[in-house]
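Structure, as structure tokens:
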Amino acid sequence: MLVCIDEESAQVFAGKRVIVRADFNVPIENGEVTDTFRLEQGWKTVQYLVDIGAKVIILTHIGRDPEESSEPVAHALKQFGNVHFVPDITGDMARTATAAMQGGEVVLLENIRRDPRETENDAAFAAELAALGDVYVGDAFAASHRAHASIVGVPKILPAYAGFLVRDEVREIDAARTPLAPSLAILGGAKFETKAPLVQLLLEKYDNVFLTGALANDVFRAKGYTTGRSLTSKELPDQSILTNPRFLAPVDVTAEDATGHAAVKKPDVVTADDKIVDIGPDSVALLAPYITKAKFILWNGPTGLYESGYTHYVRQISELVEKAVDGGAKVVIGGGDTIAAIEASGAKKQNLGFLSTGGGAMLEYLLKGTLPGIEVLNR
Ligand code: 3PG
Ligand code: MG
């Protein structure tokens with residue numbers, strides 16, 4: 001059972017130094033945060049703690065390059081509240097700044113991965129972090145698949161609670177592990193070899209499973225079609241998947257030829273020069289009745305290369321999903337790429353059901369039903 005912050009009395013947090021491990025790992029370009037979705041989703045925990053007079057110390061990682069700074073995140077968070085950036089993690093500056101905090105104040109420390117001991121899950125580092133606070137709140141759902149010091153080490157030392165985002169993500173993705181029938185899963189992305197166990201599980205739990213994105217290219221290759229310059233995986237789906245009556249794949253694709261000209265064609269006439277960049281209209285038509293009748297829809301992975309402007313079919317699917325939500329269907333959508341593609345398509349993301357902040361974490365939670373960073377918050 002997750003012990004969430006609002007199930008305990010406010011005095012656990014009021015006036016206390018509360019370490020909030022958030023996942024504010026957001027895209028940053030030229031020193032500016034370009035997508036604030038994770039900040040919006042994570043702020044409600046911070047706001048609650050501020051309102052009850054806690055001293056909130058936010059930890060996050062940024063990217064994988066230890067040179068990256070979390071300072072732009074502190075700037076972006078100012079739209080929600082007064083956040084003070086401290087360019088240190090467990091040194092003198094961080095210790096002094098956190099010791100001087102008043103109730104209701106918020107600080108964001110430097111990118112926690114600047115210290116290599118974070119990803120090593122070093123016990124001494126976890127102890128240094130824990131010494132900055134009195135209580136720990138785990139709210140970094142999207143990083144909960146990482147057994148790092150700030151995710152699994154600190155909550156073993158301090159009294160630990162789940163934040164609101166972790167609570168919501170776990171509730172919604174648990175629901176996606178036992179979907180109401182009729183159910184539909186739409187799974188895209190790349191690297192079939194890493195997704196094969198999840199595809200198997202979805203085929204057991206969902207009435208229909210549609211593979212799209214680069215995973216569909218793997219399906220075409222497994223069927224013996226040419227995929228040309230399209231992205232494909234090291235491993236391909238086997239017959240047990242291809243012949244499963246629940247399994248669905250695109251019936252047409254958008255492909256760019258050698259000159260970059262895009263055309264819709266059937267998958268079996270893709271040539272060696274072609275690059276598959278999206279699905280086509282017949283695939284949306286195939287999918288539409290499944291979306292319309294579904295009581296539960298899980299969607300992870302865009303249909304095509306949305307970064308190159310191929311968002312037309314994501315938009316059509318989004319509109320169908322929105323209608324399904326209006327009609328009472330439960331919907332869980334995730335993967336940063338999926339949400340970015342929906343936004344790029346011009347569709348409204350507000351009416352699409354639950355949007356997960358998790359990428360890899362969401363897929364791993366779907367598969368395993370727990371994560372290292374969630375386990376430590378269970379009691
Ligand atoms: C993510 O963006 O998927 C999470 O923040 C985890 O980041 P990582 O894959 O670098 O551990
Ligand atoms: Mg990642």
Side-chain angles (χ1 to χ4, degrees), residues 182-192 195 199 202-203 206-233 236-239 241-294 297-324 333 335 337-338 340-342 344-347:
S183 56
L184 171 69
I186 302 172
L187 185 66
K191 294 202 195 119
F192 176 77
K195 298 203 169 120
V199 173
L202 293 177
L203 283 168
Y206 280 75
D207 296 306
N208 292 99
V209 178
F210 180 76
L211 293 190
T212 187
L215 295 180
N217 302 345
D218 299 331
V219 171
F220 304 143
R221 255 186 71 199
K223 287 182 174 174
Y225 305 160
T226 302
T227 52
R229 298 180 292 122
S230 317
L231 179 65
T232 56
S233 306
L236 299 178
D238 61 22
Q239 284 304 314
I241 291 175
L242 300 181
T243 60
N244 190 311
R246 298 175 163 199
F247 167 73
L248 300 169
V251 289
D252 58 353
V253 296
T254 304
E256 282 182 0
D257 66 16
T259 68
H261 175 77
V264 171
K265 47 174 79 178
K266 294 289 163 197
D268 58 349
V269 296
V270 168
T271 70
D273 287 337
D274 284 342
K275 180 179 170 190
I276 299 170
V277 292
D278 207 345
I279 59 174
D282 292 351
S283 302
V284 177
L286 166 85
L287 210 45
Y290 293 100
I291 296 175
T292 305
K293 69 167 194 257
I297 300 168
L298 170 70
W299 180 10
N300 186 300
T303 58
L305 300 182
Y306 72 96
E307 322 87 298
S308 309
Y310 292 102
T311 57
H312 184 67
Y313 302 107
V314 161
R315 170 139 192 172
Q316 292 188 341
I317 293 172
S318 301
E319 285 166 359
L320 289 163
V321 169
E322 185 177 342
K323 283 200 199 103
I333 299 178
D337 277 359
T338 321
I342 290 168
S345 80

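Note that the structure is a prediction, hence the values are computed from the model and not measured.
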- Rounded to the nearest 0.5 Å, how far apart are CG of L202 and CD1 of I186? 11.5 Å
- Query: Do Y313 and P302 touch side chain to side chain, with heavy atoms closer than 4.5 Å?
  - Reply: no
- Among all residues two or more places apart in sequence or in another chain, which pass the side-chain hydrogen bond (donor to acceptor under 3.5 Å, both in side chains) test with R315? E319
- Task: Can you see which heavy atom on L231 is nearest to which on A190, and at what distance?
- Result: CD2-CB, 3.9 Å
- Task: Using atom types as modelled and distance alone, determine if a side-chain donor or acceptor of T254 lies under 3.5 Å from a backbone N or O of I279.
- Result: yes
- Task: Sorted by first residue and then second, give each side chain to side chain donor-acceptor pair (under 3.5 Å) pair with at least one member in residues 206-217; sequence neighbours left out.
- Result: S183-D207
- Might you point out which heavy atoms bring F247 and V219 nearest each other, and give the distance in Å? CZ-CG2, 3.7 Å
- Task: Output all residues satisfying salt bridge (Lys or Arg N to Asp or Glu O under 4.0 Å) with K191, sequence neighbours left out; order by chain, then residue number.
- Result: none
- Query: Of all heavy-atom pairs between L215 and G188, which one has the smallest distance, and what is that distance?
  - Reply: CD1-O, 3.4 Å
- Go through the structure and list residues passing side-chain hydrogen bond (donor to acceptor under 3.5 Å, both in side chains) with K323, not counting sequence neighbours. none
- salt bridge (Lys or Arg N to Asp or Glu O under 4.0 Å) filter on K293, not counting sequence neighbours, yields none
- Task: Mind checking side-chain hydrogen bond (donor to acceptor under 3.5 Å, both in side chains) for D238 and listing every partner two or more places apart, or none if nothing turns up?
- Result: S240
- Message: I need the full list of salt bridge (Lys or Arg N to Asp or Glu O under 4.0 Å) pairs touching residues 270-281, with sequence neighbours left out, sorted by first then second residue.
- Response: K265-D274
- Note on the structure: Taken in chain and number order and not counting sequence neighbours, the residues that satisfy side-chain hydrogen bond (donor to acceptor under 3.5 Å, both in side chains) with S230 are none
- Can you run down the salt bridge (Lys or Arg N to Asp or Glu O under 4.0 Å) pairs that involve residues 243-257, sequence neighbours left out, and say none if there aren't any? none
- For residues 213-231, which residue pairs qualify under salt bridge (Lys or Arg N to Asp or Glu O under 4.0 Å), counting only residues two or more places apart or in two chains? none
- Message: With heavy-atom distances below 4.5 Å as the criterion, would you say the side chains of S308 and V277 are in contact?
- Response: no
- Please report the shortest heavy-atom distance between F192 and S233, naming the atom on each side. N-OG, 2.8 Å
- Item | Distance (rounded to the nearest 0.5 Å) between L298 CG and L187 CG | 7.5 Å
- Message: A347: which residues meet the side-chain contact (heavy atoms from CB on, under 4.5 Å) condition with it, sequence neighbours left out?
- Response: S318, I342, S345
- Shortest non-hydrogen pair, P250 vs F220, comes out as O-CE2, 3.7 Å
- Kindly give the heavy-atom pair with the smallest separation between A272 and T226, and that separation in Å. N-CG2, 3.7 Å
Contacts under 3.5 angstrom, residues 284-291 side chains, donor-acceptor by atom type, not counting sequence neighbours:
none

- Message: To the nearest 0.5 Å, what is the distance between OG1 on T338 and CD1 on I333?
- Response: 8.0 Å
- Note on the structure: Taken to the nearest 0.5 Å, the spacing of Q239 CD from N244 CG works out to 11.5 Å
